[in-house]
Amino acid sequence: MKQVLIYKRFERFWHWSQAALIMFLALTGFEVHGSINVFGFEKAVHYHRFASYGLLLLIAFAIFWHLTTGEWRQYIPTFKNLKVQFQYYISGIFKNEKHPSHKTELSKLNPLQRIVYFGFKIVLIPLVVITGILYLNYKTIDANNIIVISELSLDLIAILHTMGAFLLISFLVVHIYMTTTGSTPTSNIKAMLTGYEEIEEKIENKAEDKNEK
Ligand code: HEM
């Protein structure tokens, strides 16, 4: 076994700050929605707006980092071994079968994670962020009379934004469960905290060989 750096420093910072911001936005957002009462409506609106600026800034840095490091390639979906991976999660894992995919520095996501995270980045986050920005600027946009937006009602924007919020929370629940399915229940979380994970040397070498070819 060999300790391999799987998650780089920025990646860990981005992951945990995104997680914290999304949870805080869910807390304050559902207070705005009227489902809970924690800070009081006005403070919740204020905090929600403030945190949303933080998330937008973080997303801008994350896009830059993914593009400049080439890490975006990790998320290109693949159908190869997808069925096997899916079967592992619904059945093999409960029979103590071996993991069908092996994490390496060059390919840290299994086929199912690739598809799910791709959808998360391309559909789910944009849904919440775009509707959030429309919500944020609705009055301004309305006053400026921009035609595209004036055809969207605030009700529709709010419904889509809330739907995105529910989907994000569902993602979070499944995601947290999935973190426990690594080589040990805490190995994935440890890797995202320290950056390092123990990986079989043979697998790591094979991946490096493939890359050289
Ligand atoms: C960049 C990201 C986001 C922006 C710009 C944004 C913006 C907004 C705005 C402007 C509102 C209306 C309240 C107000 O006037 O401040 C709102 C409401 C809300 N937000 Fe967000 N938000 C974002 C992300 C999120 C996230 C990540 C969640 C949950 C996980 C969330 C959940 C909600 C909910 C549930 C409401 C209440 C909707 C309603 O019932 O009208 N938001 N958001």
Side-chain angles (χ1 to χ4, degrees), residues 7 10-69 71-72 74-75 77 109 112-180 188-189 192-193:
Y7 301 111
F10 174 79
E11 203 169 10
R12 286 177 275 142
F13 163 76
W14 158 66
H15 174 270
W16 291 115
S17 39
Q18 176 172 266
L21 281 169
I22 287 179
M23 285 190 265
F24 187 67
L25 282 160
L27 184 72
T28 48
F30 279 103
E31 175 140 23
V32 174
H33 190 66
S35 321
I36 47 173
N37 195 349
V38 182
F39 304 108
F41 179 79
E42 280 185 6
K43 274 198 179 139
V45 168
H46 182 69
Y47 292 160
H48 193 80
R49 290 189 170 212
F50 194 68
S52 75
Y53 297 138
L55 185 63
L56 288 175
L57 191 68
L58 185 68
I59 289 173
F61 277 111
I63 291 175
F64 179 76
W65 181 84
H66 278 84
L67 292 179
T68 51
T69 57
E71 285 288 312
W72 62 272
Q74 300 263 3
Y75 299 88
L109 304 176
L112 199 62
Q113 284 174 317
R114 279 182 182 244
I115 289 212
V116 172
Y117 295 163
F118 183 75
F120 180 82
K121 283 169 190 277
I122 296 292
V123 183
L124 196 47
I125 287 284
L127 172 69
V128 183
V129 169
I130 293 168
T131 52
I133 293 173
L134 291 177
Y135 214 151
L136 206 56
N137 296 293
Y138 192 75
K139 279 196 189 128
T140 332
I141 290 169
D142 205 23
N144 291 337
N145 209 12
I146 294 174
I147 296 148
V148 184
I149 308 299
S150 67
E151 286 178 4
L152 279 181
S153 74
L154 189 58
D155 275 357
L156 180 64
I157 293 172
I159 288 171
L160 290 175
H161 192 66
T162 309
M163 195 180 88
F166 273 115
L167 289 172
L168 260 183
I169 292 170
S170 317
F171 169 86
L172 204 68
V173 173
V174 179
H175 183 65
I176 293 171
Y177 162 69
M178 295 304 266
T179 62
T180 64
N188 284 343
I189 294 202
M192 195 44 101
L193 284 169

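Order of listing sets the numbers, starting from 1, for every ligand and every atom in it.
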Query raised in the report: With distance as the sole test, does Trp16 use its side chain to make a donor-acceptor pair with the main-chain N or O of Met192 at under 3.5 Å?
Result: yes

Query raised in the report: Can you find a pair of side-chain heavy atoms, one from His33 and one from Phe30, that are under 4.5 Å apart?
Result: yes

Query raised in the report: Taking the six-membered ring for Trp, are His15 and His175 parallel (under 30°), tilted (30 to 60°) or perpendicular (over 60°)?
Result: tilted

Query raised in the report: Hey, what's the ring geometry for His66 with Trp14, parallel, tilted or perpendicular (30° and 60° as the breaks)?
Result: perpendicular

Polar pairs, ligand 1 vs protein, N/O only, below 3.5 Å.
from: ligand 1; atom 1: 15 (O); to: Arg49; atom 2: NE; distance (Å): 3.4
from: ligand 1; atom 1: 15 (O); to: Arg49; atom 2: NH2; distance (Å): 2.7
from: ligand 1; atom 1: 16 (O); to: Arg49; atom 2: NE; distance (Å): 2.8
from: ligand 1; atom 1: 20 (N); to: His48; atom 2: NE2; distance (Å): 2.8
from: ligand 1; atom 1: 20 (N); to: His161; atom 2: NE2; distance (Å): 2.8
from: ligand 1; atom 1: 22 (N); to: His48; atom 2: NE2; distance (Å): 2.9
from: ligand 1; atom 1: 22 (N); to: His161; atom 2: NE2; distance (Å): 2.9
from: ligand 1; atom 1: 40 (O); to: His33; atom 2: ND1; distance (Å): 2.4
from: ligand 1; atom 1: 41 (O); to: Tyr135; atom 2: OH; distance (Å): 2.4
from: ligand 1; atom 1: 42 (N); to: His48; atom 2: NE2; distance (Å): 3.0
from: ligand 1; atom 1: 42 (N); to: His161; atom 2: NE2; distance (Å): 2.9
from: ligand 1; atom 1: 43 (N); to: His48; atom 2: NE2; distance (Å): 2.8
from: ligand 1; atom 1: 43 (N); to: His161; atom 2: NE2; distance (Å): 2.8

Requested in this report: Have a look at Trp65 and tell me which of Trp72, Phe13, Phe10 forms a ring pair (Phe, Tyr, Trp, His ring centres under 6.0 Å) with it.
Outcome: Phe10

Report summary line: What one should report as the nearest heavy-atom pair of Thr28 and Ala44 is CB-O, 3.7 Å

